[in-house]
Asker: 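Pasting a structure here, questions to come.
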Amino acid sequence: MSENVVRLHKAPDGPAVRPVPLWVRSGHAVKAAVAHDRTRSAGRAVVRHGLYTFNGGRIVARRAWDGRTGARYERMIRAAEAAGNLEAAEEWEERLSRFRAARHHRRMDLLHSPVDAAKGVAVGAGMSIGVLVALGVVLAINSGEMRDVVTPLSATIDFIALLIRIVQIVWGPAITIGPFLALLALWAVGRQQQAAPHWALPANVRSGEGEPITPSIVVKALRDLGIPALRNAIKEMGDAGASMLGPITIAGCGVEVDVTLPSGVSTIEVQNRRRKLAENLTRHEHEVFITIPQAARTVRLWIADSGALDEPIGPSPLVTDETLTADYAKGKAPWGQDLRGDAAALSLYQRHLLITGLSNQGKTAALRALALWLALDRTVEFRIADLKGAGDWAMFDGLATVLIQGPTDDHVIEATEMVEDGVSEMERRLQAPPGTAFPPLILLVDEAQVAFMCPLVDADKRPYGGSKATSRYFMAARKIHNQGRAVNVLLWQGTQDPTDQNLPKLVREGAHTRAALALGTESQARMALGDKAVDGGAAPNLLRPGLDKGTVVVASDGIAIPAGQSSITVRTHYIDTETATEVAERAKRMRDGVTTLRVIDRGEDRDPLADIHSVFGESPRLVTQDVLKRLTALNEDAYGRWTFADLRRVLDGTGAEPYKSDGRMVVARERLTRALANRNGDDSASAS
C-alpha cells in the first residue's frame, strides 16, 4: 500500500484516531524552525555580513573613482545649483578646472616617463656598481688580497638572491590569503558605514534608543521621507546632503537644527510627514517638533532625547519660594519650561486669555497657576465663575470678590451677570477723567463652553448662551474684548473641545494670549490658536492625550517665542489643589480681607444697611466708591444704579455716615456694626 495512504487506528480504549501525515508534520517542523528566533538571527547575520562586504566594495570603488575623476566636484556643483548658491557653484567649477589641468599635466608627463625611467635606472645602476667596485678596491688595498675587489659586489648579489628567495616562499601563501584579506578590508569598511538594510542590523543598532543625532542621521532621515525631489537632490549633492543642515545645537533635553530644503521641496511636505521623520530618527512622534523659521525654504527640527519628555519638570517657583510676589504691569508668571529646558514666563498685562483642550488634560491647573501668581499682587481683583463646580477654585474663597461654583443653568445665569457687571465697571472706567489709574479686574470663567451652550432665555426673550447679537454672555464677552484692556478689565476663559458652537469665532479671536493643550483634530487646533500659529508648526492635536498633561502650545506676544516662530510649546508646572490652597493663603495674608460673594441673589427683598455691612468683610473701612462697587457685585438689580446720594440716604441718621479721611470719603465698618446693633435693639424694644 502507498505510504501516502492515511490509515485509521483504533485505540485500545478510545475512538479511531487519524494520524497526521508525515509531510504535514515535516512542514510544521520546517515552519517552526524558520520562525525560531535563532533562525531569524542567523539569517539576519548572513545577510548583514554579506552586504557589509558587497557594499564595502561599492564604497571603496566610489572613493577610488572620486579620487581619479572629477565626479566629486561635479556633485558639489549640482548641489550648489540645487540650493541656488551660484557663488559656491562657480567656486567648485573653478576647482574642477584646476583638477583637470593638473591631471592633464600628469598624463603628459607619463609619455616621457619610460625613457626617463630607463635612463635613471641605467645611471643609478652604473653609479651603484662603481661605488661597490671602489669600495672593493679600498678593501683589497687594506687586506692585500685582490679577490676583495669583488667582495662588496658579491655580497650585494647574494642579498638580492636572498630577497628573491623570500619572495618565492611568501608569494604562494600571499596569493592564497590576499583575496581573503581584501574581502576582510571591504567588510570592515561596510561595517563601519552600517551598509546593510535596517532590518538586518543588530538589535542594539536597530533600536537606536539614546542614539545621538548626527548630520548623517538627519540627512538619511530626510532622504527616506518618501519625497522624490528631496531624495534625488540629496543623491546629487557632493557632500551627501550635509550642506542642507545648519549647526546642530543642544536645546534643553534635545537638539535643534535648521534644514534648508532644496528647490522643488516645500516645507509643508516635510511637516505632513512628521511621524515618518520621527521614526527615521529613531524617535517617537511626540519627540520631534517641526517649526517654520523666517528663512525661506527652511524647517527647524527640535529632536528630543529618547524618553526625555516623559520625565516631569521641577516644581513651580510659587511652591518653592514663599517670598515670591507678583507685579501685574511689569512681572511675568512662572508658568513652566519650554522644550529647551528654559524657564517659560508669561506676561498677563492687559491681555485677554483663552486656554482650551480636551477634558482631563490639565486645563484648569494651567489656568489656576496663572491666577495664583497674579493673586500675589494685592491690587488685582478676581471675579471667578467655575462652571464645573468640582472645587478646583475653592481656594479663592476669601480672595475673589465673586466666586460662582456649579454647572447648572442658574450658575450660568450668575456667571453671565458677573461678566455683565464687568462690562458696567469697564464703561464706568472708560468715562473717568483721562489719566485715571485703575486696578486690574480679572473676570475668569472656567468651562466657558457651558455658558455658550446654555439654552435659557431671560424675561426679555434674550438667550444667555449662543453667538447671536442678542446672546447675553456672548455680547458681554465681546464688549470686554473690544475695550476692556484699556482700563485693565480682562476676561480669562477656559473651555473644552472647541467648536464653533461652544466657542464662537469672534470670542476666541479676541484673546491676546491663546493656549491649547492636547486636542483631537487640526481644525480644533486652528480654532484654539489660529491659522497663523498652526501653519507655522503649532500642533496641539499631535500631543498625546493623557500622557502630555499640562503641556500647552502658546501663541502670544506675552511670552518669549524664538525668532521666526509663531508659537511655543510649554510644559507647565503642576500645582495640586492642596498646594494651591497654601499659595492662596499666602495671597490672602497680603490683603486686608476680601468678602467673597458666592451667589448673586436676584429678586428678593433686600436690607440695604445689612448688605452694606456684609460687603466689608474684614476691612476696617472702605472708600465709598468701593462700597458701591461691592454692592453692585452683590446684587445688580438692587444696587446696580446706586449713586453716592443713595448710599448717603441709607446711612444718614445711623451714626455710620460717610466721612472724609485723607481727602477721600470713606465708611467705617465699626460704625456700621454699632448702627446695626442699635437698630436691632430698638426693634426688639418695640416688639416687646
Side-chain angles (χ1 to χ4, degrees), residues 348 351-371 382-393 396 400 402-423 426 441-456 462-468 471-482 484-485 489-520 524-525 527-530 540 552 554-556 600:
L348 304 173
R351 290 178 176 87
H352 303 298
L353 187 146
L354 171 66
I355 181 170
T356 185
L358 298 178
S359 177
N360 196 31
Q361 298 304 308
K363 169 179 55 62
T364 296
L367 183 60
R368 188 175 63 189
L370 297 175
F382 286 94
R383 300 181 187 178
I384 298 174
D386 175 16
L387 298 182
K388 180 167 56 178
D392 292 331
W393 296 90
F396 278 81
V402 175
L403 180 60
I404 302 165
Q405 300 182 91
T408 67
D409 290 338
D410 286 338
H411 291 101
V412 172
I413 294 174
E414 294 167 3
T416 302
E417 293 178 348
M418 180 193 79
V419 179
E420 290 175 337
D421 290 342
V423 174
M426 175 192 72
L441 172 59
I442 307 299
L443 305 169
L444 193 155
V445 182
D446 196 9
E447 307 296 343
Q449 76 279 355
V450 178
F452 285 113
M453 298 294 288
C454 181
L456 294 185
R462 294 182 60 196
Y464 286 94
S467 58
K468 296 181 179 179
S471 301
R472 292 180 59 178
Y473 182 86
F474 170 76
M475 289 306 298
R478 286 292 299 140
K479 289 178 180 179
I480 293 177
H481 278 171
N482 288 339
R485 64 180 299 272
V489 177
L490 304 178
L491 178 62
W492 293 7
Q493 296 181 98
T495 182
Q496 289 183 18
D497 198 15
T499 65
D500 283 328
Q501 288 71 39
N502 63 27
L503 187 59
K505 176 180 174 64
L506 292 179
V507 171
R508 61 180 184 252
E509 290 186 348
H512 304 97
T513 295
R514 300 168 71 172
L517 294 100
L519 292 171
Q524 290 180 334
M527 292 180 186
L529 300 176
V552 297
V554 187
S556 171
I600 304 176

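Residue numbers run from 1 in the order of the sequence given.
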Asker: I'd like to know if Lys363 pairs up with Glu447 as an ion pair, taking the criterion as any Lys NZ or Arg NE/NH1/NH2 lying under 4.0 Å from an Asp or Glu carboxylate oxygen.
Answerer: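 Here Lys363 pairs with Glu447 in a salt bridge, since their nearest N and O are under 4.0 Å apart.
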
Asker: Kindly give the heavy-atom pair with the smallest separation between Phe382 and Ala371, and that separation in Å.
Answerer: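 Minimum heavy-atom separation between Phe382 and Ala371: CZ-O, 3.5 Å.
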
Asker: Grab the two heavy atoms, one from Ile480 and one from Gly422, that are nearest each other, plus how far apart they are.
Answerer: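 Reported closest heavy-atom pair: CD1-C, 4.4 Å.
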
Asker: Is there a donor-acceptor pair under 3.5 Å between the side chain of Asn502 and the backbone N or O of Asp497?
Answerer: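 Checked: pair present.
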
Asker: Return the set of residues passing side-chain hydrogen bond (donor to acceptor under 3.5 Å, both in side chains) with Ser467 (not counting sequence neighbours), or none when no residue passes.
Answerer: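 Not a single residue meets the side-chain hydrogen bond (donor to acceptor under 3.5 Å, both in side chains) criterion with Ser467.
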
Asker: So, do Leu444 and Arg368 sit near enough that their side-chain heavy atoms are less than 4.5 Å apart?
Answerer: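 Answer no - side chains too far apart.
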
Asker: With a 4.5 Å limit on heavy-atom distance, are the side chains of Leu354 and Thr513 in contact?
Answerer: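 No - every pair of side-chain heavy atoms lies 4.5 Å or more apart.
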
Asker: Can you tell me how far the CZ atom of Phe452 sits from the CG atom of Leu387, to the nearest 0.5 Å?
Answerer: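 So the gap between those two atoms works out to 11.0 Å.
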
Asker: Looking only at heavy atoms, which two atoms of Leu506 and Arg478 are closest? And how far apart?
Answerer: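 Residues Leu506 and Arg478, closest heavy atoms: O-NH1, 3.3 Å.
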
Asker: Taking all atoms of both residues into account, what is the closest heavy-atom pair of Gly466 and Ser471, and its distance?
Answerer: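 In this case the closest contact between Gly466 and Ser471 is C-OG, 3.4 Å.
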
Asker: What verdict does the side-chain contact (heavy atoms from CB on, under 4.5 Å) test give for Arg485 and Leu490, after you've listed the backbone C-alpha separation in whole Å, the side-chain angles of each residue and the deciding distance to 0.1 Å?
Answerer: CA-CA 6 Å; Arg485 64 180 299 272; Leu490 304 178; 4.1 Å; yes

Asker: Specify the closest pair of heavy atoms between Ala400 and Ile384, including all atoms of both residues, with the distance to one decimal.
Answerer: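 For Ala400 versus Ile384, the nearest heavy atoms are CB-CD1, 4.1 Å.
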
Asker: Would you check if Leu358 and Leu517 make a side-chain contact, meaning some heavy-atom pair closer than 4.5 Å?
Answerer: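 Not touching, per the 4.5 Å side-chain cut-off.
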
Asker: To the nearest 0.5 Å, tell me how far Lys468 NZ sits from Arg462 CZ.
Answerer: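 Going from the NZ atom of Lys468 to the CZ atom of Arg462 covers 13.5 Å.
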
Asker: Return the minimal non-hydrogen interatomic distance between Leu403 and Phe396, and the atom names on each side.
Answerer: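 Looking at all heavy atoms of both residues, the shortest contact is CD2-C, 4.2 Å.
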
Asker: Do any N or O atoms from the side chain of Thr495 and from the backbone of Thr356 form a donor-acceptor pair under 3.5 angstrom?
Answerer: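 Checking the backbone N and O of Thr356 against the side chain of Thr495, no donor-acceptor pair under 3.5 Å is found.
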
Asker: Hey, what do you get for CD (Gln493) to CG (Asp446), rounding to the nearest 0.5 Å?
Answerer: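 Reported value, rounded in 0.5 Å steps: 10.5 Å.
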
Asker: For the pair Asp409 and Tyr464, evaluate side-chain contact (heavy atoms from CB on, under 4.5 Å) and give the outcome as yes or no after the intermediate values.
Answerer: CA-CA 9 Å; Asp409 290 338; Tyr464 286 94; over 6 Å; no

Asker: Sequence neighbours excluded, which residues qualify as side-chain hydrogen bond (donor to acceptor under 3.5 Å, both in side chains) partners of Asp386?
Answerer: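 So Asp386 forms no side-chain hydrogen bond (donor to acceptor under 3.5 Å, both in side chains) with any residue.
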
Asker: Are Val412 and Leu456 close enough, and set up right, to give a side-chain contact (heavy atoms from CB on, under 4.5 Å), and what steps lead you there?
Answerer: CA-CA 9 Å; Val412 172; Leu456 294 185; over 6 Å; no

Asker: Relative to the ring of His352, is the ring of His512 parallel (under 30°), tilted (30 to 60°) or perpendicular (over 60°)?
Answerer: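 Because their plane-to-plane angle is under 30°, the rings of His512 and His352 count as parallel.
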
Asker: Say you draw a straight line from CG of Leu529 to OG of Ser556; how long is it, rounded to the nearest 0.5 Å?
Answerer: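 Leu529 CG to Ser556 OG: 11.0 Å, rounded to 0.5 Å.
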
Asker: So Met527 and Leu503, do their side chains get closer than 4.5 Å, heavy atoms only?
Answerer: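 No, too far: nothing below the 4.5 Å cut-off.
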
Asker: Atom CD1 in Ile355, atom CH2 in Trp492: separation rounded to 0.5 Å?
Answerer: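 The CD1 atom of Ile355 sits 10.5 Å away from the CH2 atom of Trp492.
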
Asker: Taking the side chain as every heavy atom from C-beta outward, state whether His481 and Glu509 have any pair of such atoms under 4.5 Å apart.
Answerer: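 No; the side chains remain at least 4.5 Å from each other.
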
Asker: Any side-chain heavy-atom pair from Tyr473 and Val445 closer than 4.5 angstrom?
Answerer: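 Answer yes - side chains close enough.
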
Asker: With side-chain contact (heavy atoms from CB on, under 4.5 Å) as the test, would you mind laying out the steps for Glu417 and Arg472 before giving the verdict?
Answerer: CA-CA 9 Å; Glu417 293 178 348; Arg472 292 180 59 178; 4.0 Å; yes

Asker: Any non-hydrogen side-chain atom of Leu491 less than 4.5 Å from a side-chain atom of Val507?
Answerer: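 Of all side-chain heavy-atom pairs linking Val507 with Leu491, none is under 4.5 Å.
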
Asker: Do Leu519 and Pro498 have side chains that get closer than 4.5 Å, going by heavy atoms?
Answerer: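 They are in contact (side-chain heavy atoms under 4.5 Å apart), so the answer is yes.
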
